[in-house]
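Below is one structure, written out as structure tokens; comments come after it.
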Amino acid sequence: MITDRRAGSAARIGRLPAGRLLAEFSLWSADLLRLGEALNATRDHADLYHLDVADGHFAPSLLFFPDLVARIRQATDVALHVHLMATNEILLDQVSQFAEAGSDLISIHAENGVAIEPALDMLAKRDVAAGLVLKIDTPVEAVAPFLDRLAMVTLLGTAIGVKGQALDPRACSRIADAKRLVAANGARRIILAADGGIRSSTVPELRWAGAETVVMGSLAFEADDLAARMAWLKSLSEGEGR
């Protein structure tokens, strides 16, 4: 348990393990009536907790809010990644609130366009790591102008904000394209994430393509043996799976 919600945000992301697939658990798939129990049961297995935040406009759902993130921050030292799906009109206010709540990494969308730079400036001033998310139809090249400012790039493999969809056939090739862009940017670490359509059958393919973390919902929270599932996940090597 931590006492300062804002302590060590960017540093906590910087300490994430390298050289293996990270385990990123989506709390949207936890039992929301027993969220504290879910945190206790998974804290030894999760590298990051993923919190989807949606305003009901940018994405069709209404999801997580700053006070909840603040309470989660008080309950765990696991890194917190907020995926912020918000329209430009409220984006900066939402970035500010979720940074104050104790987020370690806040990812905004490439589709936010002109609001991206001010949001990245705000995150840098707050010492919160920044990420950029791309919808499935957004060209991978959209991340290129911002790579020097990012700790993570997330590629969605399904339509935004809806559970239970199959992985889009383009997802793996898009991960591979993003990996080439990141590699061309230099030695600075940028974590490449896959979000949506995450199944036991798709994780090896995504890892093969270059994903460094996958956002797991039921794959984590409905596992019969979570320790065994995490051992399997962490054993997957890049370039394997086909």
Side-chain angles (χ1 to χ4, degrees), residues 1-2 6-27 29-30 38-52 69 72-73 75-83 102-107 123 127-133 143 147-155 157 171-172 175-176 178-183 185-196 198-200 202-217 219-221 223 225-241:
M1 191 174 295
I2 69 171
R6 293 166 296 180
S9 293
R12 193 177 282 110
I13 297 300
R15 292 194 296 269
L16 288 171
R20 66 162 173 81
L21 193 58
L22 298 172
E24 186 168 353
F25 287 18
S26 174
L27 292 180
S29 293
L39 293 172
N40 289 333
T42 59
R43 69 174 71 249
D44 293 334
H45 302 287
D47 294 303
L48 305 95
Y49 287 125
H50 184 99
L51 295 115
D52 286 304
V69 173
I72 292 170
R73 173 77 290 156
T76 183
D77 277 323
V78 174
L80 302 182
H81 175 198
V82 166
H83 172 195
S103 306
D104 299 303
L105 167 66
I106 296 178
S107 288
L123 289 169
D127 194 30
V128 175
L132 204 63
V133 184
V143 303
L147 287 174
D148 288 340
R149 309 187 68 182
L150 301 178
M152 183 179 287
V153 171
T154 301
L155 275 75
C172 289
I175 289 283
K179 185 172 180 61
R180 286 189 285 271
L181 274 178
V182 168
N185 193 60
R188 182 173 173 274
R189 186 186 186 191
I190 302 173
I191 299 169
L192 188 57
D195 185 1
I198 305 302
R199 307 283 186 271
S200 58
T202 61
V203 170
E205 288 288 318
L206 292 163
R207 178 58 172 156
W208 185 93
E212 296 169 83
T213 182
V214 291
V215 180
M216 294 180 290
L219 195 62
F221 289 102
D225 186 336
L226 184 56
R229 179 150 290 173
M230 291 305 100
W232 165 77
L233 182 96
K234 294 173 184 179
S235 73
L236 296 173
S237 297
E238 188 176 341
E240 293 183 356

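Bear in mind the structure is a predicted one, so any value in this text is a computation, not a measurement.
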Where do Ile190 and Asn185 land on the side-chain contact (heavy atoms from CB on, under 4.5 Å) test, with the steps shown first?
CA-CA 10 Å; Ile190 302 173; Asn185 193 60; 4.2 Å; yes

Rounding to 0.5 Å, atoms OH (Tyr49) and OG1 (Thr76) come to a distance of 5.0 Å

With side-chain contact (heavy atoms from CB on, under 4.5 Å) as the criterion, how do Asp104 and Arg73 come out once you've worked through the C-alpha distance, each side chain's angles and the decisive distance to 0.1 Å?
CA-CA 9 Å; Asp104 299 303; Arg73 173 77 290 156; 2.6 Å; yes

Within the structure provided, determine whether Met216 and Met230 are in side-chain contact (heavy-atom separation under 4.5 Å).
yes

Note: Ala211 and Ile175 closest approach over all heavy atoms is N-CG2, 3.5 Å

Taking every non-hydrogen atom, the tightest pair across Leu147 and Arg188:
O-NH1, 3.0 Å

Apply the test side-chain contact (heavy atoms from CB on, under 4.5 Å) to residues Leu155 and Leu192: give CA-CA distance (whole Å), side-chain angles for both, the deciding distance (0.1 Å), then the verdict.
CA-CA 8 Å; Leu155 275 75; Leu192 188 57; 4.0 Å; yes

What I'd like to find out is whether the side chain of Leu233 reaches to under 4.5 Å of the side chain of Val214, using heavy atoms alone.
yes

Non-hydrogen atoms of Leu206 and Ile198 that approach each other most closely
CD1-CD1, 3.5 Å

Val182 and Leu150: side-chain contact (heavy atoms from CB on, under 4.5 Å), yes or no, with the steps?
CA-CA 10 Å; Val182 168; Leu150 301 178; over 6 Å; no

Any side-chain heavy atom of Thr213 within less than 4.5 Å of one from Thr154?
no

Nearest heavy-atom contact between Thr42 and Ala38 is OG1-O, 2.7 Å

For His81 and Glu24, which heavy atoms make the closest approach, and how far apart are they?
ND1-OE2, 2.6 Å

With side chains defined as the heavy atoms from C-beta onward, is the minimum distance between Leu27 and Phe221 less than 4.5 Å?
yes

Between Asp47 and Ala23, is there a donor-acceptor pair closer than 3.5 Å when you use the side chain of the first and the backbone of the second?
yes

From Ile106 CD1 over to Leu132 CG, what is the distance, rounded to the nearest 0.5 angstrom?
13.5 Å

Looking only at heavy atoms, what is the nearest atom pair of Ser103 and Val69, with distance?
OG-CG1, 3.9 Å

With heavy-atom distances below 4.5 Å as the criterion, would you say the side chains of Ile13 and Leu48 are in contact?
yes

Report yes if the side chains of Trp232 and Val203 come closer than 4.5 Å at any heavy-atom pair, otherwise no.
yes

Could you go step by step and tell me if Arg43 and Asp77 meet the salt bridge (Lys or Arg N to Asp or Glu O under 4.0 Å) rule?
CA-CA 8 Å; Arg43 69 174 71 249; Asp77 277 323; over 6 Å; no

Does some side-chain heavy atom of Val133 sit less than 4.5 Å from a side-chain heavy atom of Asp195?
no

Measure the CD-CZ distance between Glu212 and Arg20 for me, rounded to the nearest 0.5 Å.
12.0 Å

Can you tell me how far apart OG (Ser26) and NE2 (His83) are? Round to the nearest 0.5 Å.
10.5 Å

